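Here is the structure we will look at, set down as structure tokens.
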Amino acid sequence: MKILRNISLKQYNTFGIDVIAKQFVEIASPEELKQIIALYPDCFIIGGGSNMLLTKPIEKLVVKLNLKGIEETPCKTADNTVYVSALAGENWHDFVLWCISKNYGGLENLSLIPGSVGACPIQNIGAYGVEVKDSITKVEVLEVATSKIVSLTNADCQFGYRNSIFKSPLKDKYIILKVTFKLTTKQHQLHLDYGAVKLELGGLSSPSLSQISDAIIKIRASKLPNPKDIGNSGSFFKNPIISQKHFYKLLKSHPNMPFYKMEENLIKIPAGWLIEQCGLKGKRFGDAGVHNKQALVLVNYGKATGKDILKLAQLIQNSVKSAFKIDLQTEVNIFS
Ligand code: EPU
């Protein structure tokens with residue numbers, strides 16, 4: 001374990017923002033993490049760096065988690081079920097592909113989401129009709145205050161749409177070490193309702209897990225930029241949820257507005273659509289831009305700073321607010 005000085009974090013965040021970490025250390029085991037936390041309880045943890053916007057140099061010690069390993073335990077009570085635990089530093093997509101290679105079902109719709117296993121519960125990643133909370137049974141964390149390893153159940157995590165206890169109120173109290181998933185070994189429950197997925201599968205009635213994964217990869221690759229080519233953090237904003245009253249008012253002037261009905265008379269509106277209606281899709285301000293195929297994604301064409309992206313995000317929020325009276329909330333964690 002060696003603490004390095006003045007390291008650029010460009011390669012450690014998928015936005016590719018070039019900020020300096022005054023001190024930086026990579027750790028490869030929970031024991032090393034415990035030692036570091038004891039010395040630097042106020043450190044700044046980085047996993048896959050896929051859901052953050054860095055806007056200034058980091059004064060705290062930056063700790064890059066490299067905990068790797070996957071283990072599986074058959075379920076004693078159900079012969080079509082397996083429990084798979086993955087350490088936080090495993091790459092999410094590689095982990096999904098590993099599950100598919102073993103014919104373990106549950107995560108295939110979440111293929112090609114950037115980031116690490118440790119980040120997946122924080123914002124309860126979701127795509128194409130599936131959220132990771134549907135499969136998570138346990139999250140093992142290091143409690144910063146006590147340096148103890150604590151096991152949280154699915155209910156403890158208080159998962160919601162792009163939300164969990166790890167965003168608030170327990171932000172920074174826990175460091176995620178390991179996530180356990182309950183997956184199926186046969187009689188998989190497939191989620192194929194999403195229009196684009198159905199279309200891509202071309203009417204296959206019982207596709208294999210890898211056929212579903214391939215279809216999702218194709219859909220995502222066709223509209224979401226690959227962070228290896230263009231810096232981005234996936235959806236920058238959450239899809240806003242509005243009241244029925246507000247919805248019907250908007251529908252009068254925008255009869256083609258897409259929407260999803262939620263519980264308790266609430267309606268979710270795709271933020272990408274709202275941003276597109278404001279004429280901002282594909283717009284570029286220097287090296288900060290709105291992706292031209294999915295307006296929900298902000299991109300760094302090369303040399304954008306975190307502040308450039310933040311300025312663009314604020315312009316979008318102001319435009320959507322004045323056109324639709326809707327407040328867009330960021331999905332990405334902003335460090336400013
Ligand atoms: N739309 C537009 N213009 C755009 C983008 C979208 O009009 O520029 C419209 C589409 O036509 C469609 C609707 O908005 O009617 C929904 O679009 P899409 O299916 O692309 O999904 P989304 O709601 O924009 C969410 C997730 C994505 C996830 C997709 C697919 C959030 C914040 N985002 O996007 O997640 O991949 O659904 O399930 O919920 C991520 O979180 O990083 C992410 C990419």
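Order of listing sets the numbers, starting from 1, for every ligand and every atom in it. Everything numeric here is computed off the predicted structure, so don't read it as measured data.
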At what distance is the nearest protein heavy atom to [atom], and which residue and atom is it?
atom	answer
atom 43 (C) of ligand 1	S235 OG, 2.9 Å
atom 34 (O) of ligand 1	L296 CD2, 3.9 Å
atom 14 (O) of ligand 1	P270 CB, 3.1 Å
atom 36 (O) of ligand 1	R220 NH1, 3.2 Å
atom 8 (O) of ligand 1	A295 N, 2.8 Å

Handout entry: Pi-cation contact, Y161 with K268 (under 6.0 Å, within 45°)
Key =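 Ring-cation test returns yes.
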
Only heavy atoms count here, so choose which of [options] is nearest to [atom].
atom	options	value
atom 35 (O) of ligand 1	R162, Q294, Q329	R162
atom 23 (O) of ligand 1	L112, N239, N256, I125	N239
atom 21 (O) of ligand 1	Y128, Y194, W273	Y194

Exercise for the section: Take atom NZ of K283 as the centre, draw a 6.0 Å sphere, and report whether it contains more than 12 heavy atoms from other residues, nucleotides or ligands. Expected result: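 No, because the 6.0 Å sphere around NZ of K283 holds 12 heavy atoms or fewer from other groups.
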
Between [X] and [Y], what is the ring plane arrangement, given parallel below 30°, perpendicular above 60°, and tilted in between?
X	Y	value
F95	F181	tilted
W273	H254	perpendicular
Y12	F24	tilted

Do [X] and [Y] sit within salt-bridge range, that is, some charged N less than 4.0 Å from a carboxylate O?
X	Y	answer
K148	E143	no
K186	D79	yes
K60	D42	yes

Does an N or O from [X], backbone or side chain, lie closer than 3.5 Å to an N or O of ligand 1?
X	result
K281	yes
L224	no
Y161	yes

Atoms of ligand 1 less than 4.0 Å from [X] heavy atoms?
X	result
G234	42 (O)
Y260	13 (C), 16 (C), 23 (O)
F237	32 (C)
E276	2 (C), 3 (N), 4 (C), 7 (O), 8 (O)

Problem - ligand 1 versus P258: contacting region, heavy-atom distance under 4.0 Å - result: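 The answer is the side chain.
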
Handout entry: N124 side chain vs S164 backbone, donor-acceptor pair below 3.5 Å
Key =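 Not confirmed, N124 side chain does not pair with S164 backbone.
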
Handout entry: Within-cutoff protein neighbour (heavy atom, under 4.0 Å) for atom 38 (O) of ligand 1
Key =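 True for atom 38 (O) of ligand 1.
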
Problem - atom 12 (C) of ligand 1 within contact range, any protein heavy atom under 4.0 Å - result: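 No, because not a single protein heavy atom sits under 4.0 Å from atom 12 (C) of ligand 1.
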
Handout entry: Sub-4.0 Å heavy-atom approach of F236 to ligand 1
Key =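 In this structure, F236 fails to qualify as a contact of ligand 1 - no heavy atom is under 4.0 Å.
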
Exercise for the section: Would you please determine whether K223 falls within less than 4.0 Å of ligand 1 on a heavy-atom basis? Expected result: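 It does, in that a heavy atom of K223 comes within the 4.0 Å cut-off of ligand 1.
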
Exercise for the section: Assess the side chains of D18 and S8: does a donor N or O sit below 3.5 Å from an acceptor N or O? Expected result: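 The criterion, which ignores hydrogens and geometry beyond distance, is satisfied for S8 and D18.
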
Handout entry: Pair T55-S336, side-chain donor/acceptor within less than 3.5 Å
Key =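 Checked: T55/S336 side chains show no N/O donor-acceptor pair below 3.5 Å.
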
Handout entry: Trace of the side chain to side chain contact (heavy atoms under 4.5 Å, CB included) decision for K68 with L87
Key = CA-CA 5 Å; K68 296 281 167 72; L87 290 183; 5.7 Å; no

